[in-house]
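Data first, discussion second: the structure below is written as structure tokens.
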Amino acid sequence: MDKIVSQFLAQVNARNQNEPEFMQAVTEVAETVIPYIVKQDIYYGQNILLRMVEPERVVSFRVAWIDDNEEIQVNRGYRIEMNSAIGPYKGGLRFHPSVNLSILKFLAFEQIFKNSLTTLPMGGGKGGSDFDPKGKSDTEVMRFCQSFMTELFRHIGPNRDIPAGDIGVGSREIGYLFGQYKRLKNEFTGVLTGKGVSWGGSLIRPEATGYGVVYFARQMLAHQNEGLEGKTVVISGSGNVAQFAAEKIIQLGGTVLTLSDSSGYIYDADGIDEEKLSYVMNLKNVKRDRIHHYVTKYPKATFHAGKTPWEVPCKVALPCATQNELDGKAAALLIKNGCLCVSEGANMPSTPEAIEQFANHKVLFAPGKASNAGGVAVSGLEMAQNSLRYSWSREEVDQRLQTIMNDIHKSCVQFGAEGDHVNYVKGANIAGFVKIADAMLAQGVV
Ligand code: NDP
């Protein structure tokens with residue numbers, strides 16, 4: 001078996017050299033899905049995974065725009081249309097200086113499994129740019145978004161490819177992107193998700209990823225007769241996913257001890273309550289400032305420059321910032337300090353060494369493609385509401401989100417149970433794979 005997996009990976013690597021994040025994501029899937037494929041007559045010999053690792057289409061384009069000093073700036077834009085076997089391409093746009101082909105391909109690859117797990121009809125895609133919104137004025141961000149969409153619009157559409165937000169792309173950016181699409185196409189359609197509620201957005205979409213991460217953690221704990229109430233929780237990041245993961249933990253009776261950004265983390269031993277969280281939301285979403293200001297406002301808290309929060313003892317860890325932010329050393333610390341459960345809010349935040357340690361110590365570990373699927377699930381619900389030209393209530397969307405997260409948990413248990421333990425990585429990968437593979441087989445060699 002090891003030989004089949006390593007031959008497969010060597011073949012993929014030969015074509016994708018210098019794409020470490022993409023190969024990391026493919027390796028994790030190959031190691032769990034290939035042993036399953038070889039036991040299934042219908043899949044074996046069909047090269048389905050080899051087809052899945054090759055994007056159906058990659059678009060790369062120039063984004064030229066003029067900054068506030070009237071200097072011409074040039075960025076690179078991308079859209080990876082990875083797989084459309086079960087629906088139109090769907091996945092976020094990331095604006096961050098680190099964006100490159102490897103990062104977007106890993107995200108697009110993860111996305112096809114995640115979207116499949118939601119049970120909604122969405123294929124996988126991802127896109128973005130190496131543009132850094134940090135420190136830019138609103139008008140600079142608008143001009144960039146307009147230039148970006150002036151090329152992207154010809155590749156997307158409500159039945160073709162429906163982008164959404166991700167790191168650096170929130171409601172402000174989605175607004176500018178949508179405005180430019182509408183102007184170019186002269187059509188008001190649900191071409192993006194994460195829209196404002198008054199112009200086609202869904203209630204609960206901003207909250208969905210963070211809430212979903214916590215709903216998934218709750219399911220994993222419940223499966224072991226544990227609950228979230230009274231548990232200490234360490235969260236990384238302080239953006240969209242981290243903020244609403246914190247909000248849901250507080251609502252469910254847990255204690256949030258940390259939040260972070262790329263400059264370091266804040267630790268509040270008294271817990272970040274609703275009032276403190278609303279300060280953070282204003283700091284990050286309105287003032288667009290750094291997390292360290294928290295300790296000026298709440299002097300009992302401490303700021304740890306240049307560090308990640310995994311050294312803080314906790315029962316539950318929610319990595320909600322970025323890929324590979326939790327390494328083997330951090331995992332060892334979490335385990336030593338008694339962490340029971342890790343539910344990934346970010347995409348691929350745990351390194352392979354960290355995942356191995358969680359598995360060896362039977363820590364409940366949910367990979368992002370399962371635990372952060374709530375965001376894209378509610379994006380799918382936003383698409384459904386746009387098609388119906390109707391809006392569901394907050395309670396209705398939240399109820400659907402909870403049902404979807406519970407169903408993803410069930411699928412992971414179905415395909416990942418190993419004795420009294422659940423291997424959620426294996427469960428998520430195989431459950432996601434089966435639906436796409438069946439559709440690809442039915443649609444012939446395309
Ligand atoms: P935001 O841009 O709202 O927030 C990102 C947060 O992560 C910020 O606090 C940011 O800090 C921090 N961060 C980003 N890059 C780094 C880095 N290299 N090192 C340390 N910290 C970093 O993004 P989201 O909250 O939307 O996304 C967070 C993660 O969740 C990403 O992995 C994303 O792919 C994933 N995700 C998001 C979904 C969504 O619906 N938004 C859906 C599913 C997954 P700073 O400001 O200093 O950069």
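Every number for a ligand or one of its atoms is a count from 1 in the order of the listing.
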Checklist entry - Between Glu226 and Lys231, does at least one N-O distance fall below 4.0 Å, as a salt bridge requires? => result yes

Item to check | Geometric N/O contact Lys114 with ligand 1, under 3.5 angstrom | outcome: no

Checklist entry - Looking at atom 27 (O) of ligand 1, what's its closest protein heavy atom, distance included? => result Ile167 CG1, 3.7 Å

Next on the checklist: Walk me through whether Phe188 and Phe178 qualify under ring pair (Phe, Tyr, Trp, His ring centres under 6.0 Å).
Outcome noted: CA-CA 9 Å; Phe188 194 112; Phe178 183 79; 5.2 Å; yes

Checklist entry - For ligand 1, is Gly170 a contact, meaning one of its heavy atoms is under 4.0 Å away? => result no

Item to check | Mode of Ser260 contact toward ligand 1 - side chain, backbone, both, neither (heavy atoms, under 4.0 Å) | outcome: backbone

Item to check | Sidechain N-carboxylate O distance under 4.0 Å for Arg400, Glu395 | outcome: no

Checklist entry - Are His96 and Phe131 close enough that their ring centres sit under 6.0 Å apart? => result no

Checklist entry - So does Lys90 pair up with Asp161, basic N to acidic O under 4.0 Å? => result no

Checklist entry - Any N/O of Lys284 closer than 3.5 Å to an N/O of ligand 1? => result no

Next on the checklist: Test your reading of the structure: does Thr209 have an N or O sitting under 3.5 Å from an N or O of ligand 1?
Outcome noted: yes

Item to check | ligand 1 to Asn347 polar contact by distance, N or O atoms, under 3.5 Å | outcome: yes

Item to check | Centroid-centroid distance, Phe148 to Tyr176, less than 6.0 Å | outcome: no

Next on the checklist: Any nitrogen or oxygen of Asp166, side chain or backbone, less than 3.5 Å from one on ligand 1?
Outcome noted: yes

Checklist entry - ligand 1 and Gly168, any nitrogen or oxygen pair closer than 3.5 angstrom? => result yes

Checklist entry - With atoms numbered from 1 as shown, which atoms in ligand 1 lie under 4.0 angstrom from a non-hydrogen atom of Ala346? => result 29 (C), 30 (O), 32 (O), 35 (C)

Item to check | Protein residue, atom and distance nearest to atom 41 (N) of ligand 1, heavy-atom basis | outcome: Asn240 OD1, 3.5 Å

Checklist entry - What residue and heavy atom of the protein are closest to atom 4 (O) of ligand 1, and at what distance? => result Gly239 CA, 3.3 Å

Checklist entry - At a 4.0 Å threshold, what atoms of ligand 1 neighbour a non-hydrogen atom of Ser262? => result 11 (O), 19 (N), 20 (C), 21 (N), 45 (P), 47 (O), 48 (O)

Next on the checklist: Could you tell me, atom by atom, which parts of ligand 1 come under 4.0 Å of a heavy atom of Gly237?
Outcome noted: 9 (O)

Item to check | Pairwise salt bridge (Lys or Arg N to Asp or Glu O under 4.0 Å) hits with a residue in residues 251-268, at least two apart | outcome: Asp261-Lys284, Asp261-Arg290, Asp268-Lys276

Checklist entry - What protein heavy atom sits nearest atom 25 (O) of ligand 1, and how far away is it? => result Val241 N, 3.0 Å

Checklist entry - Between Arg205 and Glu382, is there a salt bridge with N-O shorter than 4.0 Å? => result no

Checklist entry - Can Asp68 and Arg143 be counted as an ion pair, charged N to O under 4.0 angstrom? => result yes

Checklist outcome for this item: Nearest non-hydrogen contact to atom 48 (O) of ligand 1 from the set Lys134, Arg94, Gln243, His96 belongs to Lys134

Item to check | ligand 1 to Asn372 polar contact by distance, N or O atoms, under 3.5 Å | outcome: no

Checklist entry - Hey, does the Lys NZ or Arg CZ of Lys248 hover above the aromatic six-ring of Tyr211, less than 6.0 Å from the centre and inside 45° of the axis? => result yes

Checklist entry - What part of Glu325, side chain from CB on, backbone N/CA/C/O, both or neither, has a heavy atom under 4.0 Å from ligand 1? => result neither

Item to check | Protein heavy-atom partner closest to atom 18 (N) of ligand 1 - residue, atom, separation in Å | outcome: Thr322 CG2, 3.6 Å

Checklist entry - Under a 4.0 Å heavy-atom limit, does Arg288 contact ligand 1 with its side chain, its backbone, both, or neither? => result neither

Next on the checklist: Which label fits Phe109 and Phe113: parallel for a plane angle under 30°, tilted from 30 to 60°, or perpendicular past 60°?
Outcome noted: perpendicular

Next on the checklist: Does the plane of the ring in Tyr181 sit parallel, tilted or perpendicular to the ring in Phe153? Use 30° and 60° as the thresholds.
Outcome noted: perpendicular

Checklist entry - Do Ala242 and ligand 1 have an N or O pair less than 3.5 Å apart? => result no

Checklist entry - If you look only at pairs with a residue in residues 234-273, which of them pass as a ring-ring contact (aromatic ring centres under 6.0 Å, His included), with sequence neighbours excluded? => result Tyr265-His304

Checklist outcome for this item: Judged by heavy atoms only, the candidate from Ala321, Ser238, Gly212 nearest atom 29 (C) of ligand 1 is Ala321

